[in-house]
Amino acid sequence: MSVLAKKLLGIGVGVAVVAALIALYVATWATSAPPTVSAVGGQVVTGGAGAQLTLQTVAAIGPKYSTHPDWVSYLVLEKGKWVHSTVYKVPANSLVHVTILQYDGDSGLRNPFLSAVQGTTNGTETVDGKPIRGIDPEEASHTFVVPQLGIFIPLPGVPEEAKNQCEFAPCMLAQAHRTITFTIRTGKKGRYRWQCFVPCAAGWIDGFGGPMQTLGYMDGFLEVT
Amino acid sequence: MAVEPHPAAGERNHAHRFIAIWIVASLIATPLVVLLIGPIMPPGNGSTQASGHVTDNTVLIGMATPVLLLVLIYLIYAIVYFRAPKGGEAILEGPAVRGNSGVQSTWIVITSILVLALAVYGTVRLLEDGAGSGQGPSPAWPASGKKLPVQVIAQEWAFTYRYPTFGGVETDHLVLPVNQTAELHVTSLDVIHSFWAYQLGVKADANPNVDNVVFVKPTRTQTFEVRCAELCGIWHGFMSDHGRVVQPAVFEAWAREQQKRFAGTAKYLPPYSTKYVPEPARRAE
Amino acid sequence: MSAVAEPATPIPGHRPLWRGLIGFNLLTAVILGVAGYYIGWFIGHQVKGPSFEFTEATDENDIALMLAYAGGVVGFLVGLGFVNYPVARMFGRPPSLREKEQEGVGRYFGLCTDHKVVGVQYLVGIGVFFFIAGLNAMLIRTELLHPVPTAFGPNQYLSLVGMHGTMMMGMMTSGILGPFANYFVPIMIGARRMAFPRIEALTFWLLMAAGFILTSTIFFGGFPTGWTGYQPLNEQAVMGMDSYICFFALVGLSMALLGMNMIATIVAHRAPGMTWSRLPIFVWSVFATSLLMVLAAPMLIAALLMAALDRTINTGFFIASSGGSPYLFENLFWFFGHPEVYILALPGFGIVLELMPVFARKPLWGYRLAIAGMLGVTLLSFLVWQHHLFVSGINAALRPFYMLSTEIISIPTGFIFLCVMGTLWKARTRFTVPMLFCMGWTFNFLIGGLSGVFLSDTPSDTDTHGSFFVMAHFHYTIMGGLIFTFFAAIYYWTPKMFGVIFNERLAKIHFWSLFIAFNSTFMPLFVLGMKGMPRRVSTYAPNLQGLNVWVSVSAFVIGLSMLVFIANVLYSLVLARIPAERNPWGARSIEWEVPTPVPVNNFDTLPRFDSDPYQYGTPVPARGSGALGTAPAGG
């Protein structure tokens, strides 16, 4: 092998090593996803107690959970701790009781149609103890919508003048919030996407950029297994 | 450089032989393609527009088959008959022909006629009623007769539908009466989407603050798929939906049921308009 | 400034390595680039005020990133030494055309004005990005093995899709012109250099900086718009979108300069006797492509500048509620975008028509017809762009015109096919690897072109717009067209560029596996599109899974065939390095007359041309006369 060839081979090997490292980094980035959190009591139960899923929505996720501290986000309760994830696993063919602790102020829906409750077992959601079939779209802070399953849950916002509002996640029950509960009945297995429809991403065009378009904040998956 | 004799008889053989093969192949293949693929040609016969597309595609594939065969058969012919013989030291040369004005003129004329014919045919199709494609706010070729106006609102990331003749009720599934022309007004609330009703042969981009009108006349009761055909963000592929074409009586009943069901939200909906610019108009606060 | 003030050539081996690293070279360029990046970033973060509160709400500062990229590129170019010459001239130093042309392997890693060095730089640089984008494609097809999203999150998937398309479109537009036109056009026309050698080097390094910027998008969240960058989604996107904007702006600049340089060289630097009617057809295709580059690329830069202004300082070009219009972006983009795809197609025409006479041993058939075809395509490509917007709600009365113009553009494209067929008529074809790739081109572009006729028909386009049918069409024309000719050119000209020849068996394995796998991958996509699968999705109807799995597996085989190519490169160019004969193909064009390696000044004395390069074939007796002699007129 000539000197030139040795040099080229050396460069080639060096490039290959660097390329492998870069490929590893890219693979890690490409496959990174929020952790999947299971609803509590996740066995298939028909007519029984069903599974329990507890979520919270916050105005700003904060520096503890994210490099985008001002981004609005959902969190989920797992074993008493608030996890920054939007991928939830629920059992198939079961009742799932969902509690959402809503700590954010209102932004208003772009399309008021989405202020109607749809897809729950009795067609209502309970807000701070009162069952309702829809909210005033101006008061909407977020929604939890699973379009593939026809589930539409509008979440009213914390009033502007409320005291003790939460700044960064995780938010505590002592801080101003609305409690929304509803029950859905899951069907067959599948991976369904869910999203928020309220333009709650401050600073973005139409309020739909940033966290509204990023898995782990205002979009996620509902794994029915 | 080896010199090969070029008998005049051999020259005629190649040209005639190739043309003959091509004509026979085209005469066999084109009817086969039209008769076998025509009936299963997408998007099917769910509406007059879709049926029109089936005819269009069949015509196109019928015209493309001889062209495809011409070049393909020629390539195979050239590979078989015009190759350098194996072995041998010298590189053999072919005849130093640089062109043939007869062949060139024939080609130019025939391709031009073919292409112009296709363009005319496509235009004629368009002139009927837009062939299921979005025609913008003032459609140049509207469908005739009575039309049911339906608005398709695209947003990130779902389609909703409003029926102005039913009190402006908004629903999240599209239901249309069979054998009635629907005038779909497609618009968007945020970014560019595209409303694609596959079995109905309808596609119209949803642009913000633009009313894109498309006409469709479903001709059979069925469930059809609605897809988004313009990349609009992370859930672009998930913006699919199912719509239904039903008998007119069923449609009326369904529309009234939807009005009852969403009576609570009716007071919050903005008045029906062909375009909306909801808040936030620019960046969210 | 080592490039201008260098004394006699230093004795090799006697200068410590670290001394060689000081100066205007790639290392300095990277250092200054990083410095420029942080300076721009810092300046951007000083922009505060009531109009920019959104940067705090969004945790994103697009101004900072754009300025950082700009600073990085400026620093990079300064470090390479691109401002040395203008500064030297301002201080009254004499003009000079040469930089670093004598110094061995190192000159490939910096600013070198030898067009042959730039050609090799392009070949390797573009090759690297081609493989990166190809890997992205493999990842995309991995995701599409399942009808529900499994492998990648939706953000990452869309970024992969966007990066694949953007990188390919940005890099491969210079895929033939960069390596092969830069290397061979001056030789083919009998010139010693390009018209503007430093600008030629600049186009390469701009492209490399741009490629790096694009790959950095993953640090900033990727971008969700695909390669078309449509507004207003573009404006809504996170910071990674700025990488796309900067990438394409730099690519546009590189393209415009490359085209301008080619035109100037071809017009002004032809040797005596090289008349327009003797110009190799490849040079004609370069000329036509360059016209498109010069006229179309600035439109892209304008559109991207507006997009950048919208994203950073809140102008309203594309936001409907501010009085702007997303239509504006679509139209500006496609006014560039359609000539862009002909920029991709034309060099392929040139390569095929240039190589086929060599292997068919006949002159190019229909030389004037081929030129008419290329120039016809060039002119018409500016009149068809609205066929990308048929269903978008444009004034419907315009559509018949664009349908007509798009249908008509297939006529000059057809001329190229006729010339190919005429060249093969009664030929004595040797099916060497470059010839195999040319035949592959003919088949692929035929399918691609015919599917284009379907898409140009508005009623048919209504079903297929935005679906996988379009994907199949443009992959057949761009990958089956341009990429196949890219490989044909590599296999053909390697003996001239590097003095070695590729191993023929590996090369044939590469061709056949690529050709079969390519068709197996993209032919079913026509069916998938007709069955209603939209583009850029990671989910699809479950009944389409079988076809998708078939396509994905075939795509993996394409990847394997590329590995065969890389293995061949390593074996033939690095390890074995079997020297090639001076003219292994028996070609009669001038680049095979000059020695290998080609001397710096190309020729000792400028050649004088007295014929075109297609002096093949046995003369045919004119009809009606018994005399052997000149070829009949009518080419």
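These figures come from a predicted structure and were not determined experimentally.
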Hey, what do you get for CG (Asn111(A)) to CG (Leu189(B)), rounding to the nearest 0.5 Å?
5.5 Å
Nearest non-hydrogen partners of Ala284(B) and Ala201(A), listed with the distance
CB-O, 3.4 Å
If you tally heavy-atom pairs under 4.5 Å against chain B, which of Ala116(A), Pro137(A), Gly123(A), Gly134(A) wins?
Pro137(A)
Side chain, backbone, both or neither: which part of Asp241(B) has an atom under 4.5 Å from a heavy atom of chain A?
neither
Heavy-atom distances under 4.5 Å only: say whether Phe262(B) touches chain A with side chain, backbone, both or neither.
side chain
Under 4.5 Å heavy-atom distance to chain B, tell me which part of Ile135(A) shows up: side chain, backbone, both or neither.
backbone
For a 4.5 angstrom cut-off between non-hydrogen side-chain atoms, does Leu109(A) reach Tyr268(B)?
no
Distance-only, no hydrogens or angles: does the Arg133(A) side chain make a donor-acceptor pair with backbone N or O of Gly264(B) under 3.5 Å?
no
Output the option from Asp172(B), Thr160(B), Thr171(B) having the highest count of non-hydrogen pairs under 4.5 Å with chain A.
Asp172(B)
Please name the pair of heavy atoms, one in Thr265(B) and one in Pro112(A), separated by the smallest distance, quoted to 0.1 Å.
CG2-O, 4.0 Å
Taking side chain as everything from C-beta outward and backbone as N, CA, C, O, which of these in Arg261(B) sits under 4.5 Å from a heavy atom of chain A? Side chain, backbone, both or neither.
side chain
Region of Ser240(B) that comes under 4.5 Å of a non-hydrogen atom in chain A
neither
If one checks every heavy atom of Gln155(B) against chain A at 4.5 Å, the contacting part turns out to be side chain
Close contacts, residues 206-217 of chain A versus chain B, judged by heavy atoms under 4.5 Å
Asp206(A), Gly207(A), Phe208(A), Met212(A), Gln213(A), Thr214(A), Leu215(A)
Do the side chain of Gln195(A) and the main chain of Glu156(B) share a donor and acceptor less than 3.5 angstrom apart?
yes
Non-hydrogen atoms of chain B under 4.5 Å away: do they reach the side chain of Glu138(A), the backbone, both or neither?
neither
What's the shortest heavy-atom distance between Pro280(B) and Arg110(A), and which atoms?
O-NH2, 3.1 Å
Which pairs of donor and acceptor atoms, one on a side chain in residues 139-150 of chain B, lie under 3.5 Å apart (sequence neighbours left out)?
| residue | atom | partner | partner atom | Å |
| --- | --- | --- | --- | --- |
| Lys147(B) | NZ | Ala143(B) | O | 2.7 |

Distance flag, aromatic centroids of Tyr192(A) and Trp235(B), threshold under 6.0 Å
no
For side chain to side chain contact (heavy atoms under 4.5 Å, CB included), just list the numbers for Ile153(B) and Phe113(A), CA-CA rounded to whole Å, side-chain angles, deciding distance to a tenth of an Å, and then say yes or no.
CA-CA 11 Å; Ile153(B) 301 176; Phe113(A) 168 75; over 6 Å; no
List the atom of Arg283(B), the atom of Gly203(A), and the distance in Å for their closest heavy-atom pair.
NH1-O, 3.1 Å
